[in-house]
Structure formats: structure tokens, C-alpha cells
Q: 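Input: one structure, supplied below.
Per chain, numbering begins at 1; letters A, B, ... match sequence-line order.
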Amino acid sequence: MNLGRAATCLFGLSVALAACGRTDRSSGGSGGSGSAPSNTGGVAGSGARPGESAGEAGMADCASDSPRPGPSPLTRLDNTELNNSIRALLPPGTSEAGLPWLPEERAQNDVMDSPPSSDTVERLHALAHSVALRMTDGRGEGWLAGCDVEAEGEAACRDSLGAEFLERAYRRPLTTEDQEELANAFEMGRKVGGSFASGMRAIVELALQSPDFVYLLELGDGSAVGDAVELTSFETAARLSYFLTGGPPDAELNAAATLGPLSDEQLAAHARRLAESPNGRMALSLFYTRQLGADHLAEVPELGFDADLARDALEGSRRFVDDVLFNGPGTLSALLTEPSAWTNGALAAYYGYSAVGDDWQKVLLPSRSSGFFTQPAFLASTSRSSYVSAVQRGVRVLRQVLCYDVPPPPVEGMTSLPEASTAPTTDRGRLEAETRSTACQQCHVYIDPVGLAFGNYDAVGKWRDDEQGTTVDASGVLDRTEAAGTFSNAAGLMQNIADSVDAKSCFVRLWLGRAQRRPVVASDACVEQKLTRSFLEGGGEILPLLEDIAQSDALRYRSRSELPPSRP
Amino acid sequence: MLRGAGSIAVALPWLEAMAPERSARAAAAPAKRFIGVYTPGGTVLEKWRPIGSEESFELSPILAPLQAMKSRVLVVDGIDMTCAVGEQDQAGLVGLWTGTSQSGSATGYASGPSIDQVLAERLSTGQRLASLPLAVRWGTGKARGLPSPMNIANYATAPGHAPIVPRLDPIQVWEDLFGTSDLAEAGAWDKSILDALGRRYSKLAERLGAADRARLEEHLTHVRHLETRVRAFSSCSRPELVDTTGYDPRAGLESSEGVEVTSPTTDAAIPSVGKLMMDLLVMALACDLTSVATLMWSDTEAKHSLPWLGLRDNLHYYVRGGGYHPEELTQAFTWYVQQHAYLLEKLSQCQTANGTLLDESVVFFGSHIQRPPTSGKTDMPFLLGGSGGGLRTGRWMQNAHRSHNDLLVSILNLCGDERQTFGAAEFCAGPLGGLT
């Protein structure tokens with residue numbers, strides 16, 4: 001038996017789960033952290049990056065006033081953000097139907113390691129082409145009707161329509177260089193396509209693929225604050241807007257940015273306004289649902305779980321999150337323990353809820369539901385078939401809700417197995433038999449109880465009292481952790497977790513990561529500590545947390561070292 | 001599966017949950033294009049049929065021109081056109097692409113749509129043409145150049161299933177499809193956009209810090225790569241117009257039974273016009289003008305000569321009119337297969353985003369009868385070509401008297417249409433199967 005990996009497992013986990021502090025978790029001691037499978041949701045990752053040492057941002061530095069921004073790598077708008085941004089640019093009355101929108105998926109925030117894919121570049125090329133065609137196809141009250149070419153001339157219309165479009169696309173005022181490029185694009189399009197419309201088409205098609213649109217370009221306003229460079233008001237506005245709405249700054253936010261740097265009060269006010277807007281509510285609830293649940297659930301034909309149900313299940317959890325955040329208690333605890341679910345007719349029929357009619361509605365399920373993680377969007381995302389994977393469930397909850405570092409299993413340790421004939425048939429029995437060895441138990445002592453707490457839910461989240469003829473035993477104990485305690489089922493487990501400090505600090509990491517468009521790292525420690533303290537003191541209320549993030553350094557600075565040296 | 005200490009293999013399903021998600025074994029993407037080709041006169045079965053076994057066979061004399069493309073064709077043998085109820089020749093053409101019997105009396109049309117029209121609705125969405133039905137030396141004999149069940153193979157999907165007259169004049173088709181400068185521009189447009197885009201990325205990259213620059217440059221390589229592909233895959237080009245002097249597309253108007261009016265100049269131009277029609281067909285697909293096309297080499301009458309083969313009498317004479325002439329027919333049928341080889345080659349040379357046109361197409365080649373003297377319609381001379389929908393070629397598939405309706409169903413299935421019957425239901429036993 002290879003003790004090396006087992007030792008890693010033991011060491012990593014005991015360090016990770018024994019302490020409450022931030023620094024322990026950031027210590028790159030656990031070898032497996034970098035190779036976490038993609039389903040942990042990169043944003044709420046364990047935080048340790050190869051080469052990063054603990055305590056880089058010691059307590060002393062937090063007292064200083066000088067901002068110390070963490071890395072701000074150039075990030076691309078992800079597919080959801082690109083779609084939203086393009087929608088926002090379509091002239092009023094332009095139909096979205098039939099355009100080749102980009103496939104949407106979980107927020108791709110692990111951008112330090114992931115380059116843009118050729119598939120995305122190609123799809124964006126096709127989308128930009130189709131949008132440009134649609135905007136200039138001359139039908140009805142289109143974009144081009146906004147300027148009378150005959151009366152004013154092509155150049156004037158090119159500039160008035162084109163500049164307005166480009167400014168909104170680039171999310172900042174235009175420079176002289178931009179104006180030149182606009183004229184060049186028009187000329188090229190006019191030449192090849194032979195008309196004013198084709199000239200305008202080229203402007204749009206180029207703009208929607210340009211780095212100024214596709215990426216959040218942040219060159220700063222030139223004013224240095226210690227090691228940091230302050231972002232322009234437009235750059236901060238963009239970060240804020242994409243953080244909360246997944247889309248570009250709206251007219252109101254843009255107007256504020258035009259007037260000058262955004263104050264704390266302004267940022268907080270816009271944050272609240274944007275979060276509560278329809279786009280904000282959708283983006284926030286969608287983000288949480290996709291990151292903690294899934295962006296896509298597999299069909300399980302043998303259980304009658306088809307694509308429609310899968311889609312409905314995700315929407316049901318999204319509505320739950322939206323309801324908790326904007327109509328309900330608005331706390332993390334509520335997200336984790338509220339015994340309600342949102343259902344439509346199809347879900348109600350499948351899951352046995354008592355619903356009235358087919359429309360989306362809230363149902364109370366006091367004995368069968370306890371928050372997001374007892375709902376199908378999460379539970380079904382841990383299954384690949386009709387087989388329940390308690391291990392997946394345990395690992396996901398530990399990693400994503402508590403931010404515990406759970407290394408992948410050591411393959412060398414998996415050589416001794418129970419014989420098939422004696423293998424028990426319940427999930428619990430089978431799992432206990434398979435993870436019985438000391439090496440496995442290093443991690444499984446934590447993973448298994450958590451995963452098996454969900455034993456009352458089958459592979460697609462349907463409630464079951466029995467399994468293989470015996471009553472489900474969902475009880476367990478999770479000790480030596482911040483979320484320690486015994487529990488008799490998932491509701492009890494989620495309550496323990498909701499009461500813990502670790503769940504709250506993990507939640508802060510999730511949203512701070514989202515705002516910064518990359519996982520939280522050691523150099524974020526000061527910002528993170530401040531946010532976590534406020535979050536704890538505020539009883540875990542989520543919208544105030546988002547406002548706090550909006551006012552933090554997260555949206556305002558970039559490290560000077562990331563920019564080219566300024567000209568003398 | 002891992003082996004336990006006692007060498008008992010134990011499945012570890014829970015391990016699978018940790019493993020990367022295995023995608024379900026992906027079915028091939030449905031065919032994106034359909035091409036139907038009709039040749040008159042049937043075949044000489046003993047000169048058509050391969051020798052050997054399904055995967056290892058020799059091409060017969062008539063199929064010999066396909067040697068270079070052998071891996072891209074499937075000889076579909078043992079198919080009977082059972083739906084062909086009606087006049088001995090007409091019913092064969094009526095049924096060929098519709099799977100229906102000749103309606104009403106022996107002078108009626110089909111009672112359902114043809115497969116190309118059905119597929120046009122699925123495959124040609126958003127394109128300029130729903131389909132491109134073409135014909136060479138058409139409307140001969142008793143039809144006198146007018147549409148009749150003797151020469152119509154395409155039928156509309158709308159109720160009533162009106163007969164569709166194929167396009168006959170290659171110059172007009174050329175003008176219609178390629179006359180304007182639109183097409184040349186599509187490629188030029190894309191290239192210009194991508195070129196300008198590439199310049200934007202490289203210019204901006206210079207203004208960024210090192211790490212950001214690297215990221216932008218990565219994006220730039222994808223843009224450049226796309227540009228190369230657009231350049232490479234611009235197979236769309238205007239076909240070269242050849243001199244078709246002497247070819248009268250309406251020469252059929254001059255034929256009549258009894259008075260055998262011929263048009264030697266039109267007949268002599270068949271090879272060059274046929275080649276031009278095939279080039280037009282291929283380019284219509286390559287330029288994304290349509291995704292469905294058919295080509296008829298004459299009609300069931302086939303009252304035209306083949307002077308380039310030294311056949312001075314019309315084809316119908318060699319088929320039945322002057323008695324059964326298998327040697328001359330073999331010459332003619334071999335020539336049609338040679339043309340078909342050209343078509344397949346051209347399709348295989350046109351690059352698309354994911355392969356070639358031939359990779360993405362299903363090509364169905366056949367005649368309205370098998371046996372010339374009797375118009376017998378068992379063991380029809382059918383070929384499938386291409387790889388669309390996962391079609392597995394390079395084989396001689398020997399069926400046991402399956403209905404050709406089932407073949408039509410399977411062709412639809414290859415194109416993503418999942419119906420289980422097509423045409424007259426009483427002749428359907430279920431998809432042919434074995435094509436992929």
C-alpha cells in the first residue's frame with residue numbers, strides 16, 4: 001500500500017479541516033488542491049495556488065490604508081456575459097430569434113489557467129456576423145433608420161450611428177484611434193459589400209469580436225496608489241455590472257461613470273439597484289444555481305428523468321435562490337435550510353409535490369426539504385445515471401459549501417476490495433464496505449457521513465423512505481470541523497453547516513471570487529477578512545455582502561506590475 | 001474493473017462517479033446534404049453486380065469507373081421497387097424518389113412527395129434555394145418536352161404533391177446561381193473581417209502587460225487559424241462556363257413517337273453539358289446556396305443518341321425499342337457511372353468546416369427499372385455514396401428482397417429525419433438498417 005498518497009490525504013485533510021483560520025487552508029500543503037475536478041466550481045476553490053505560501057498577507061498589512069490588489073488577469077466575458085452584452089446592444093425592436101447565441105455554461109472564472117478556446121472564437125465569429133446582418137438588413141425600423149443618409153451623407157451617419165454603437169460596445173468613451181478604426185472598418189465594408197449598409201455591417205461585425213468588447217480591458221486611469229493603479233470609473237462600473245448582472249453597465253450606471261470616479265456610496269447604491277433589477281436577480285440566482293448545482297443535468301431515462309425535467313429542475317432551484325434572496329430572509333442560512341421548493345406542473349407530478357396547476361409556484365415541504373442542497377438541481381448533478389453517488393455528494397458539499405480541501409482518491413490505495421458476493425446492497429452498506437481501509441478512511445471519515453446524509457434522495461433527488469427494503473439511515477456525525485455535530489438526516493446536516501463560520505467564509509469567497517473573476521487567493525486576505533467579519537456580524541445577510549463587495553478594493557484597483565511601465 | 005486479492009473482478013461503480021464524465025457513444029451527425037441522381041434504362045445486372053463478399057469485392061464492368069472512389073460508395077443490392085404499380089416505365093420513375101404508386105390511371109403522377117423535397121425542408125433552412133433539381137437531355141419521346149409521368153421524379157411536399165419540372169438550361173442556371181458577384185464576396189468579406197480583427201488584436205496586445213499580452217495573443221492565434229480555414233474552405237467559386245453551343249435544352253419538344261426527330265447537336269453536347277450541370281450542382285452546395293440537389297440523365301423515354309460512344313440510335317432503341325442490346329447498354333451505363341464518379345470526386349474535393357462535402361452528404365444513384373427488356377424492378381441498380389449520417393461505404397450490401405421504400409426511409413434517417421415509413425405504407429417494413 002502506498003503510504004505516500006495516504007499520508008498526503010491525512011495531512012492535507014487534518015490541516016484543512018482541523019482549524020478555523022484562513023491561513024491554514026491557504027497553505028499549499030494539500031497536494032491535491034490544484035487538480036480538483038471541474039465540478040467543484042472553480043470560483044469557490046480551495047485557494048492555494050502552487051508556489052503561494054501562507055501568510056503572505058499577514059495581519060500587519062491589513063492595517064495599512066494602501067490597497068494591495070491581488071492578481072487581475074485579463075478576463076474574457078464568458079458566453080453568458082457575451083450573449084447578455086450583445087442583447088443589450090441590439091437596437092430596440094430587433095428580434096433575437098434565430099441568432100446563433102453562444103451556448104451558456106457555468107461562469108468560467110478560472111481564467112488564470114484557461115485560454116480562450118478556438119470553438120468560442122469561431123462561434124463568436126458566426127454570432128457577430130449574424131447580428132451585424134440583422135442590424136443592417138434594412139427591414140422596418142432598424143438601426144440604420146436612425147439616420148437619414150440622403151440628407152446627412154454617409155460619413156455623418158457612419159459617425160453618429162457608429163460612434164454611439166461602438167461606445168456602448170466598448171463600454172467607454174471613444175478615442176481618436178477608435179474613430180479612425182471605425183472609419184476604416186466602414187470603408188472596408190463599403191468596398192467589399194458595395195453599400196452604406198455593408199459599411200455599417202462591418203463596423204458591427206468587427207466591434208463584436210474586438211478585444212475591447214470581448215475582454216474586460218483594464219488599463220487604469222494612470223493614477224498610482226502605492227503598488228496599485230486605480231481603475232477608471234468605466235472599468236469599475238463594468239466590473240460591478242458584470243458581477244451583479246452578467247451584463248454591461250446600463251445607462252444609469254454609465255452616466256454616473258461619465259461624471260467621474262464612483263464613490264463608496266454610489267457603488268453601494270448601484271449595487272443594490274442592479275442586484276434587485278430583473279437582470280440582476282436572474283444573473284445572481286443563475287450564478288449560484290450553476291456554480292453550486294449544475295449548468296446542465298444529464299437525463300436518466302431509466303428513471304424517466306428527461307431533458308425537460310432536467311431543465312425544470314434547474315429553473316426550480318434558481319427560483320428558490322431568487323425567492324430566498326429577494327423575497328425571503330435573504331440569508332445564507334435560509335439558502336441552506338429553507339424547507340420550500342419551487343415547482344411547476346411537471347416537477348410536481350414527478351416529485352410528488354402538491355401543486356395547484358402548471359404555473360411556477362412555491363411549495364412547502366417541511367419534512368422533505370432543507371434548502372438548496374436537498375433539491376434536484378444539486379442532487380441530480382451528483383449522479384451520472386440512476387446510481388446514487390454519496391461520495392460525489394459528500395465531496396461537493398465539503399468543497400463547495402465549506403471550502404474544505406478534499407484531495408482526489410489515491411489510486412494506489414484501491415487494491416483491496418470486498419468480494420462481490422458479500423457486498424451489501426444499500427448505498428451506505430456498499431460505501432462502508434468499500435472505504436473501510438485505514439487509507440481510505442483518512443478522507444472518507446468526512447466524506448461518507450456528509451454524502452450519506454442525502455440518502456433519502458434518489459439519483460435525481462426524489463424522496464425515498466426506504467432503500468432495498470430497509471428504511472434509509474441518513475444519520476451521521478461530522479466532527480473535527482467547524483460544522484461539527486451529529487445529525488439524523490440532511491436537514492440536520494445542513495443546519496449544522498448553516499451555523500458554522502466556515503460556511504459563511506466559504507460563501508464570501510464564492511462571491512468575492514465572482515466579483516474579481518478569479519478564485520480568491522492569499523493576497524486577497526485583507527479584503528476577504530473584512531468582508532467575512534461584516535458578513536458574520538450581519539447575520540449572514542447576502543445583499544449587504546454584495547454591497548460590501550461593491551465598495552471593497554475588489555472592483556477598484558489593479559496591481560501596477562501587471563501593466564506596462566508608463567511613459568515618462 | 002479492478003481485480004481484488006482473490007482475482008475476483010469487482011465493479012466499482014462509485015469510482016465512475018469520480019472519473020471524468022464519459023459521453024455517451026456519440027451517434028454520427030446527421031447528413032447535411034442529399035443528392036439524387038437518375039439514370040435511364042436500368043442496367044445489365046450481370047455486368048453491374050460485384051463479385052466477392054460484402055467487404056471484399058471486385059467491381060463489375062459497369063461499376064469499374066468507380067474504382068478510385070470505391071471506398072466512398074455502397075452498392076445496395078437486393079432491393080425491389082415494390083411500390084412501382086402502374087405503367088411499366090412510368091411507375092418506376094414515379095416511385096423512385098417517392099415510394100408511392102402511380103396514382104389514378106396509368107398516366108397519373110405520384111401520390112406523395114419526393115425524398116429530396118422532404119429533405120429540402122429539413123436541410124436547406126435559411127438558404128437561397130430549397131433544392132436544385134437539374135436534368136440533362138430531358139423531355140424526350142412521347143412527352144415531347146412537356147412534363148409527364150415519363151419524366152418527372154421530383155414531387156412537392158405541399159398537399160397535391162405537384163410535379164416539379166427540373167431545370168434544363170445550364171446557362172440560365174449558371175446566371176441564376178452565379179451570375180451576380182454576391183458569391184465571390186462572401187469569402188472576401190470573411191477574410192477582410194478576420195484580417196482587420198487580427199490587426200486589432202496584435203495592436204492592442206502591444207499595449208498590455210506581459211501576462212495580458214500573452215492571453216490576447218492566444219486569442220489572436222485562434223483568429224488567425226479561423227482565417228486560414230476560411231481561406232482554405234472557400235471552395236465556393238463560380239464554375240467555369242463551357243461552350244454549350246448546339247445544346248438545346250428544349251430539344252425534347254421536337255421528338256415524337258413514330259416520327260423520330262433527333263437533335264444530334266444536342267446529343268453530342270450531353271457530355272459537356274452534363275459535366276457543367278454536375279459542376280453547377282457541386283458549387284451550389286459548396287456555396288451554401290442549397291443543401292439538396294437532383295440530377296436526371298434524361299428520362300424514362302431516353303429517346304436520344306449517344307454519339308460520343310458511337311451509339312447512333314437512341315438509348316430506348318437499345319433498351320427495348322429495337323430489342324435488348326446488352327453490349328451497347330453496358331457501354332452507355334458504364335459511361336453514366338463514369339460521370340457519377342466525377343460527381344463524387346468533385347464532392348470529395350470541396351472542403352467544409354468539418355471535412356468535405358462528400359463526408360457530409362448522402363448521394364443516391366439509381367434508375368427507374370433494373371431489367372431493360374421487361375422493366376423488371378427487382379434487384380434495382382442502386383448506389384449510395386458519401387458519409388453523411390454515418391453511412392458506411394466501401395461495401396456491397398446484399399439485401400434479401402427488401403422494399404426500396406425501406407431504403408428511402410433509411411436515407412431519411414441518415415439525414416436526421418426519424419420517421420419509420422415513407423411513401424405508401426403498405427410497402428414499408430421498417431428502415432433498411434445496416435447502412436451505418
Side-chain angles (χ1 to χ4, degrees), chain A residues 37-38 71 73-76 98 111 115-118 120-122 125 128-129 181 184-185 188-189 191-194 198 202 205-206 209-212 214-215 217-219 298 382-385 387 389-392 395 408-409 414-421 423 430-431 434 561-564, chain B residues 2-6 8-24 125-126 181-182 184-186 188-197 199-201 203-227 229-230 353:
Chain A
S38 61
L74 180 65
T75 66
R76 164 176 85 73
V111 288
S117 73
S118 66
T120 304
V121 170
E122 195 174 329
H125 180 68
H129 185 83
E181 280 182 353
N184 290 342
M188 178 206 83
K191 193 165 102 179
V192 181
S198 62
E205 196 169 334
L206 262 174
Q209 298 176 77
S210 289
D212 307 73
V214 176
Y215 287 85
L217 286 175
E218 293 173 338
L219 297 169
T382 61
S383 314
R384 298 273 158 73
S385 61
Y387 181 81
S389 172
V391 173
Q392 271 290 290
V395 169
M414 300 180 201
T415 50
S416 52
L417 301 158
E419 292 184 1
S421 55
R430 192 169 42 233
L431 193 54
E434 285 163 356
S561 63
E562 288 176 340
L563 292 163
Chain B
L2 293 184
R3 300 257 154 208
I8 294 167
V10 174
L12 278 181
W14 63 268
L15 244 193
E16 294 188 7
M18 300 301 277
E21 182 163 351
R22 276 188 274 109
S23 56
T125 51
S181 56
D182 276 11
E185 272 146 35
W189 178 272
D190 249 357
K191 283 174 218 160
S192 304
I193 293 278
L194 290 170
D195 191 45
L197 193 63
R199 276 182 272 120
R200 275 207 186 159
Y201 272 87
K203 214 162 83 173
L204 181 61
E206 287 165 24
R207 296 171 49 200
L208 304 180
D212 289 352
R213 189 185 325 131
R215 173 154 265 108
L216 223 50
E217 280 170 353
E218 179 109 31
H219 191 126
L220 176 58
T221 56
H222 293 309
V223 171
R224 294 255 182 263
H225 183 63
L226 194 54
E227 206 184 340
R229 285 177 55 194
V230 163

Q: Drop me the distance from B:His222's NE2 to A:Glu122's CD, to the nearest 0.5 angstrom.
A: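 B:His222 NE2 to A:Glu122 CD: 11.0 Å, rounded to 0.5 Å.
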
Q: A:Ser210: which residues meet the side-chain contact (heavy atoms from CB on, under 4.5 Å) condition with it, sequence neighbours left out?
A: A:Tyr170, A:Asp212, B:Leu197, B:Arg200

Q: Between CG of B:Leu208 and CG of A:Leu217, what distance do you get to the nearest 0.5 Å?
A: 6.5 Å

Q: Step by step, would you call B:Ile193 with A:His129 a side chain to side chain contact (heavy atoms under 4.5 Å, CB included)?
A: CA-CA 10 Å; B:Ile193 293 278; A:His129 185 83; over 6 Å; no

Q: Between B:Arg207 and chain A, with a heavy-atom cut-off of 4.5 Å, which part of the residue counts as in contact: side chain, backbone, both or neither?
A: both

Q: Not counting sequence neighbours, which residues clear salt bridge (Lys or Arg N to Asp or Glu O under 4.0 Å) with A:Lys191? List them please.
A: none

Q: What's the separation between atom CD in A:Glu205 and atom CG in B:Leu194, rounded to the nearest 0.5 Å?
A: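 If we round to the nearest 0.5 Å, A:Glu205:CD and B:Leu194:CG are 8.0 Å apart.
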
Q: Roughly how far, to the nearest 0.5 Å, is the OG1 atom of A:Thr75 from the CZ atom of B:Arg215?
A: 8.5 Å

Q: On a heavy-atom basis, which atom in A:Pro564 and which in B:Gly209 lie closest, and how many Å separate them?
A: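 Minimum heavy-atom contact is CD-N, 3.4 Å.
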
Q: Quick one: do B:Glu218 and A:Arg76 make a salt bridge, cutoff under 4.0 Å?
A: no

Q: Is it the backbone or the side chain of A:Leu563 that comes under 4.5 Å from a heavy atom of chain B, or both, or neither?
A: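 The backbone, not the side chain.
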
Q: Given that the side chain runs from C-beta out, which part of A:Ser383 has a heavy atom under 4.5 Å from chain B: side chain, backbone, both or neither?
A: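 Nothing of A:Ser383, per the 4.5 Å heavy-atom cut-off to chain B.
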
Q: Answer whether the closest heavy-atom distance between the side chains of B:His219 and A:Val214 falls below 4.5 Å.
A: yes

Q: Do B:Asp190 and A:His125 have side chains that approach each other closer than 4.5 Å (heavy atoms only, starting at C-beta)?
A: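 Touching, per the 4.5 Å side-chain cut-off.
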
Q: If I measure from the heavy atoms of chain A, does B:Ala196 come under 4.5 Å with its side chain, its backbone, both, or neither?
A: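 Contact with chain A is through both the backbone and side chain of B:Ala196.
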
Q: Using non-hydrogen atoms and a 4.5 Å limit, figure out which bit of A:Gln209 sits close to chain B: side chain, backbone, both or neither.
A: both

Q: Look at A:Ser385, A:Gly98, A:Gly189, A:Ala128 and state which one has the largest set of heavy-atom pairs under 4.5 Å with chain B.
A: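 Going by pairs under 4.5 Å, I would pick A:Gly189.
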
Q: Among the options B:Lys203, B:Arg213, B:Arg199, pick out the one with the most heavy-atom pairs lying under 4.5 Å from chain A.
A: B:Lys203

Q: Specify the closest pair of heavy atoms between B:Ser192 and A:Val192, including all atoms of both residues, with the distance to one decimal.
A: OG-CG2, 3.8 Å

